[in-house]
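Reviewing the structure listed below.
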Amino acid sequence: GAGVSQSPSNKVTEKGKDVELRCDPISGHTALYWYRQSLGQGLEFLIYFQGNSAPDKSGLPSDRFSAERTGGSVSTLTIQRTQQEDSAVYLCASSLAGAIREQFFGPGTRLTVL
Amino acid sequence: QQQVKQSPQSLIVQKGGISIINCAYENTAFDYFPWYQQFPGKGPALLIAIRPDVSEKKEGRFTISFNKSAKQFSLHIMDSQPGDSATYFCAASMVQGAQKLVFGQGTRLTINP
């Protein structure tokens with residue numbers, strides 16, 4: 001079956017603009033994660049969704065970042081008033097619920113803020 | 001306390017050699033330690049993982065060694081091949097709760113033919 005898909009694959013925007021990044025998880029996966037991969041910072045957790053539970057937003061770096069997951073499937077990460085330091089690859093992962101959740105990653109969206 | 005430190009940053013190994021990447025963690029609540037492999041332009045893919053109740057896990061040419069008292073774990077790639085050239089990330093998480101992964105900084109591995 002299809003893996004995790006993300007769109008767009010690349011996004012170039014101007015400082016101050018809002019951007020939306022989309023993630024389509026693997027069908028049937030109830031858990032969904034967003035991570036950010038930036039040079040010198042490695043991969044860092046942003047937000048986690050599990051079923052209908054309240055999301056774990058503990059990794060969001062500022063209130064300019066938000067995410068939602070509609071119908072327990074597709075997720076959108078929104079960055080408002082983008083800054084140059086937001087430039088990174090944004091990765092989405094999904095997993096089945098269970099004792100050990102193998103996280104399957106998408107290819108990421110490379111965001112460049114000019 | 002949430003950090004995972006990984007070394008080396010880059011590693012060059014001859015074909016057929018052994019590649020060794022090391023990680024250390026601080027949070028003793030971590031109880032799941034996966035390694036991910038990432039090729040350029042792709043997302044990370046799970047390679048092998050270990051729980052702290054064992055000291056070693058082997059899958060094919062890949063072995064994780066785990067030292068709970070030292071809070072260290074390492075990845076060994078035996079008979080390294082050019083196709084193993086990639087960036088490797090160690091990670092740690094707690095099985096209870098969200099299982100959000102805390103990643104090391106990554107190691108860029110190059111296998112010379």
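Here is the naming used below: chain letters follow the sequence lines, and residue numbers restart at 1 for every chain. Only this structure's heavy atoms are used, side chains among them; waters, hydrogens and symmetry mates stay out.
- Using a distance-only test at 3.5 Å, with no hydrogens or angles considered, no donor-acceptor pair links the side chain of A/Tyr48 to the main chain of B/Gln99.
- At most 12 non-hydrogen atoms from other residues, nucleotides or ligands lie less than 6.0 angstrom from CZ of B/Arg108.
- The structure places CD1 of A/Ile100 at 7.0 Å from CG of B/Asp31, a figure rounded to the nearest 0.5 Å.
- Linking ILVMFWY side-chain heavy atoms closer than 4.5 Å, directly or via other members, places B/Ile111 and B/Leu75 in a single hydrophobic cluster.
- When heavy atoms are compared at a cutoff of 4.5 Å, A/Ser58 approaches chain B solely by way of its side chain, counted from C-beta outward.
- No single ILVMFWY cluster, assembled from side-chain heavy atoms under 4.5 Å apart, contains both B/Ile20 and B/Leu11.
- Neither the backbone nor the side chain of A/Gln6 comes within less than 4.5 Å of any heavy atom in chain B.
- Across every non-hydrogen atom of B/Phe89 and A/Gln37, the tightest pair is CZ-NE2, 3.3 Å.
- Interface remark: B/Gln6 contributes no atoms to any contact with chain A (heavy atom separation under 4.5 Å).
- Linking Ile, Leu, Val, Met, Phe, Trp and Tyr residues whenever their side-chain heavy atoms come within less than 4.5 Å leaves B/Leu101 and A/Trp34 in two separate clusters.
- There is a path of hydrophobic side-chain contacts, each under 4.5 Å, that joins A/Tyr33 to B/Val95.
- Aromatic rings from A/Tyr35 and B/Phe103 are positioned such that their centres are separated by under 6.0 Å.
- Note on A/Phe104 and A/Ile47: separate hydrophobic clusters, where clusters join Ile, Leu, Val, Met, Phe, Trp and Tyr whose side-chain heavy atoms are under 4.5 Å apart, directly or indirectly.
- Scanning residues 43-61 of chain B against chain A with a 4.5 Å heavy-atom cutoff picks out B/Gly43, B/Pro44, B/Leu46, B/Arg51, ordered by number.
- A heavy-atom distance below 4.5 Å is not found between the side chains of A/Phe105 and B/Lys42.
- Side-chain contact check for A/Arg101 versus B/Tyr32: every heavy-atom pair is 4.5 Å or farther apart.
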